[in-house]
Amino acid sequence: MASVEARGLRKTFGSTVALDGVDLLLPEGRIVGLIGPNGAGKTTALNAILGLTSYEGELRVLGRDPWRERDTLMRDVCFIADVAVLPRWLRVSEALAYLAGVHPRFDRAKAEHFLARTRIAAGSKVRDLSKGLVTQLHLALVMAIDARLLVLDEPTLGLDLLFRKEFYDALLGDYLDRHRTVLLATHQVDEVEHVLTDLVFIDRGRIVFNHTMEDVEADYHEVLVRPDKLAEASALHPAYARDSLGRTVMLFTGIGRERLLSLGDVRTPAIGDLFLAVMAGARAEPAKEGAAR
């Protein structure tokens, strides 16, 4: 069963179209990166999946309608927002005890295992913790819940580089299995590149890119073109070109790696570079259509 299945998903706020006919299928057991610029529709899409906003079209999350069956759905879904919200008067030990008492799938031992990697003491109150430590506490609590779908919206904002790495390592080592799905929305694309199995770009309410990382490695190649091969490379119609340290870098799709090796150094594009290329192409299309009319 798909974890998330959307068909023709649409959401408007007055005259503003936040989601414009989104089709999306997220299989079980995947870590999916949802990447897009500010205002692209990421938060609206996540809110629809979590049953926090109404929508037009079809949407099933773990086989349920999130808007009509949210109470039931939330037994199998966890959400980490970009801002951790915990009562300031709450002690860490009280948060652990509370979740152990109200959530049947909360593993207190696992939460304590996560917290042991931090500087958070069990007797500390939330108001005495820095922003980064509050985020670490929030992550430890949510990651200890045995959910089938974990939705993360900029989960590591405010964390130092070391803990961000530890978090993503824990996501792979301690959380993910073939029955769980992680949907991760973030701007820190370079840091999540090694954990993603699928990549989805959204822009102006539309999905403009949706591929597995295996497909990206097989079909998308970035070439640091040798100066004497610029004309030959340009004749192959690269999807994107940019300058880097006095050399031209071109992105190709649908052209075999062996063919491109004669042009220069070939590598798999970084997610950030691929994102820029896809966004440039997606935003050029309306202009071309307008010109044609």
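Using modelled atom types, one finds a donor on one side chain and an acceptor on the other under 3.5 Å when comparing Thr186 with Glu154. There is a side-chain donor-acceptor pair under 3.5 Å between Asp215 and Thr212.
Distance check: Arg60 CZ to Glu58 CD gives 9.0 Å after rounding to the nearest 0.5 Å. If you take CD on Glu222 and OG1 on Thr253, they are separated by 13.0 Å, rounding to the nearest 0.5 Å. With rounding to the nearest 0.5 Å, the separation of CD in Gln136 from OG in Ser130 is 7.0 Å. For the atom pair CG of Leu96 and CZ of Arg108, the computed distance is 5.0 Å after rounding to the nearest 0.5 Å. Here the CZ-CG distance, from Arg259 to Leu236, works out to 5.0 Å after rounding to the nearest 0.5 Å. Distance CG/Leu26 to OG1/Thr197: 9.5 Å, rounded to 0.5 Å.
A salt bridge between Arg226 and Glu232 is absent, with no side-chain N of the basic residue lying under 4.0 Å from a carboxylate O of the acidic one. In summary, Asp20 and Arg10 engage in a salt bridge, as defined by a charged side-chain N under 4.0 Å from a carboxylate O. A salt bridge is absent between Lys110 and Asp107; no separation between the charged side-chain nitrogens and carboxylate oxygens falls under 4.0 Å.
Between the side chain of Ser244 and the backbone N or O of Arg247, no donor-acceptor pair lies under 3.5 Å. In this structure, Glu94 contributes its side chain and Arg91 its backbone to a donor-acceptor pair below 3.5 Å. In this structure, Asp76 contributes its side chain and Arg148 its backbone to no donor-acceptor pair below 3.5 Å. Although no hydrogens or angles enter the test, the distance criterion places no donor-acceptor pair under 3.5 Å between the side chain of Ser124 and the main chain of Ile120. Remark: the backbone N or O of Val225 is not paired with any side-chain donor or acceptor of Thr248 at under 3.5 angstrom. With Asp243 contributing its side chain and Gly246 its backbone, the two residues share no donor-acceptor pair below 3.5 Å. Counting only distance, with no hydrogens or angles, the side chain of Lys42 and the backbone of Pro37 share a donor-acceptor pair below 3.5 Å. The closest donor-acceptor contact from the side chain of Glu69 to the backbone of Arg64 lies at 3.5 Å or more, if one exists at all. Under the 3.5 Å distance criterion, the side-chain polar atoms of Arg70 are matched with a main-chain donor or acceptor of Leu50. In this structure a side-chain-to-backbone donor-acceptor pair under 3.5 Å is present from Lys11 to Ser54.
Neither Leu19 nor Leu25 shares a network with the other; the hydrophobic side chains, linked directly or stepwise wherever heavy atoms of I, L, V, M, F, W or Y lie under 4.5 Å apart, form separate groups for each. A continuous path of ILVMFWY side-chain contacts below 4.5 Å connects Met279 to Leu251, so both sit in one hydrophobic cluster. If you chain together hydrophobic residues whose side chains sit under 4.5 Å apart, Val195 and Leu150 fall into the same group. Val189 and Leu276 fall within a single hydrophobic cluster, where Ile, Leu, Val, Met, Phe, Trp and Tyr side chains are chained together by heavy-atom contacts under 4.5 Å. Hydrophobic clustering (side-chain heavy atoms under 4.5 Å, transitive across Ile, Leu, Val, Met, Phe, Trp, Tyr) keeps Phe13 apart from Tyr55.
The two atoms that bring Val266 and Arg257 nearest to each other are O-NH2, 3.1 Å, heavy atoms only. In terms of heavy atoms, Ile49 sits closest to Pro66 at O-CB, 3.4 Å. Between Ala144 and Phe114, the closest heavy-atom pair is N-CE1, 4.3 Å. Considering every non-hydrogen atom in both Ala18 and Thr44, the closest pair reads CB-OG1, 3.7 Å. The shortest non-hydrogen separation linking Leu46 to Ala185 is CD1-CB, 4.0 Å. Across every non-hydrogen atom of Ala140 and Leu115, the tightest pair is CB-CD2, 3.7 Å.
Phe252 has its ring centre no less than 6.0 Å from the ring centre of Tyr220.
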### Task
I would like to know whether Glu5 and Arg7 meet salt bridge (charged side-chain N to carboxylate O under 4.0 Å, His left out); could you show each step before the answer?
CA-CA 7 Å; Glu5 186 172 6; Arg7 295 180 180 176; 3.0 Å; yes
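Side-chain contact between Leu184 and Asp153: absent, with no pair of heavy atoms (C-beta onward) separated by less than 4.5 Å. Residues Ile207 and Val200 are in side-chain contact: their nearest non-hydrogen atoms beyond the backbone lie under 4.5 Å apart. A heavy-atom distance below 4.5 Å is not found between the side chains of Val134 and Lys131.
For the side chain to side chain contact (heavy atoms under 4.5 Å, CB included) criterion with Leu139, the lone passing option out of Val142, Leu137, Leu141, Thr135 is Thr135.
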